[in-house]
Amino acid sequence: MSDKMVVLPGERCRKAREAMGWTTAEAAKRMHLSQSYLLALEADDYERLPEATFVKGYLKNYARLLGLPADEVANTFQQMINEDAFDKPLELPTLPRKPGLLTRPLMWVVALVMIGVLAVVFWPQGSSDSDSAEMAPLEEMSDESIESSDPLDTELQDDAGTAEVGSAMAGMTADDAGQQTGSAEDVAEDEAAVQEPEIDPDMLADNGLDRLVLDLSADCWMEIRDANGRVLRQGVKPAGATLKVDGRAPFSLKLGNAAAVSELFLNGEAVTLPTDSPGKVVSLTLP
């Protein structure tokens with residue numbers, strides 16, 4: 001805005017209406033608007049009105065009805081938008097982060113069931129058969145040692161049997177340890193596989209930049225600036241559009257119609273708007 005005094009468009013229309021002797025109800029009827037909309041126009045309270053494109057049209061038609069220069073009144077409103085004259089940013093509440101997969105009770109149950117199945121599958125088998133096979137030679141050796149009449153032979157056989165038993169037990173322990181180690185590694189690999197799904201690469205920008213993604217279900221006027229205040233997007237975007245905006249965060253957003261934004265993502269993380277009222281102007285900073 002320039003430094004000289006500028007009469008706000010709504011106030012200018014109000015003065016013209018009062019000069020003509022019309023009531024707000026009569027003016028609203030002639031404009032085919034609700035009286036609450038007309039009062040918001042005259043009070044320059046644009047947050048109670050739909051997006052800026054419609055407000056500009058209302059002011060232009062109202063000025064023409066009152067005999068004022070319609071283009072001049074509309075341009076004054078447009079200049080206010082460009083210079084953020086009526087910017088009243090809403091305080092963005094703390095946005096809850098979407099819980100990870102491993103924080104959900106169902107995923108813990110699935111993980112425990114998988115661990116149990118893997119433990120049954122990979123648990124060491126055939127221990128009884130191995131013990132029987134190893135003990136059979138020992139029994140034969142015991143019988144032979146009893147039949148031997150030489151005490152020295154008996155002692156040597158006992159020592160040999162003891163050595164073989166120790167070797168067999170050592171081999172069994174090594175096999176069991178190897179099988180249990182393999183089972184632990186398999187379980188660790190399976191647990192590592194139960195991770196959160198990767199973020200869609202289209203949701204992320206290149207070169208270390210941040211990316212905003214907006215899906216629109218209705219026409220919406222918007223203005224998006226990066227951390228340096230540079231304007232990345234401005235104007236009315238059509239319904240059904242999907243916008244991808246790359247830049248340096250934090251981003252400053254001004255949305256003319258909060259209900260038009262069906263989904264909003266920052267670097268793949270969903271963002272919830274503080275309101276979804278149709279025609280509600282929302283200003284916020286992300287993150």
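Being a predicted model, the structure only gives us computed values, none of them experimental. The first residue of the sequence shown is numbered 1, and numbering continues consecutively from there.
- Judged by distance alone, the side chain of Asp226 and the main-chain N or O of Gly229 form a donor-acceptor pair under 3.5 Å.
- Closest approach of Tyr46 and Val281 over heavy atoms only: O-CG2, 4.2 Å.
- Judged purely by distance below 3.5 Å, without hydrogens or angles, the side chains of Asn75 and Gln79 never pair a donor atom with an acceptor atom.
- Remark: the backbone N or O of Trp22 is paired with a side-chain donor or acceptor of Arg17 at under 3.5 angstrom.
- When atom types are taken as modelled, the side chain of Asp219 and the backbone of Ala239 share a donor-acceptor pair closer than 3.5 angstrom.
- In this structure, the side chain of Ser252 does not engage the main chain of Arg225 through any donor-acceptor pair within 3.5 Å.
- Side-chain atoms of Ser277 never come within 3.5 Å of backbone atoms of Lys280 as a donor-acceptor pair (strictly under, hydrogens ignored).
- Residues that satisfy the salt bridge (Lys or Arg N to Asp or Glu O under 4.0 Å) test with Glu18, not counting sequence neighbours, are Arg14.
- Proximity of Leu264 to Val213: side-chain heavy atoms (C-beta onward) are nowhere separated by under 4.5 Å.
- Counting only distance, with no hydrogens or angles, the side chain of Asn257 and the backbone of Glu51 share no donor-acceptor pair below 3.5 Å.
- Ser262 and Asp215 form no side-chain donor-acceptor contact under 3.5 Å, judged by distance and modelled atom types alone.
- By the salt bridge (Lys or Arg N to Asp or Glu O under 4.0 Å) test, Asp276 is found to be paired with no residue, residues two or more places apart in sequence or in another chain being considered.
- Looking at Asn228, its side chain never comes within 3.5 Å of a backbone N or O of Arg230 through a donor-acceptor pair.
- The residues Glu72 and Arg12 are annotated as salt-bridged, a charged nitrogen and a carboxylate oxygen being separated by less than 4.0 angstrom.
- Every residue two or more places apart in sequence or in another chain that forms a salt bridge (Lys or Arg N to Asp or Glu O under 4.0 Å) with Lys15 is listed here: Glu11.
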The test is salt bridge (charged side-chain N to carboxylate O under 4.0 Å, His left out); show your working for Asp210 and Arg248 and say whether it passes. CA-CA 6 Å; Asp210 299 289; Arg248 294 289 183 187; 5.7 Å; no
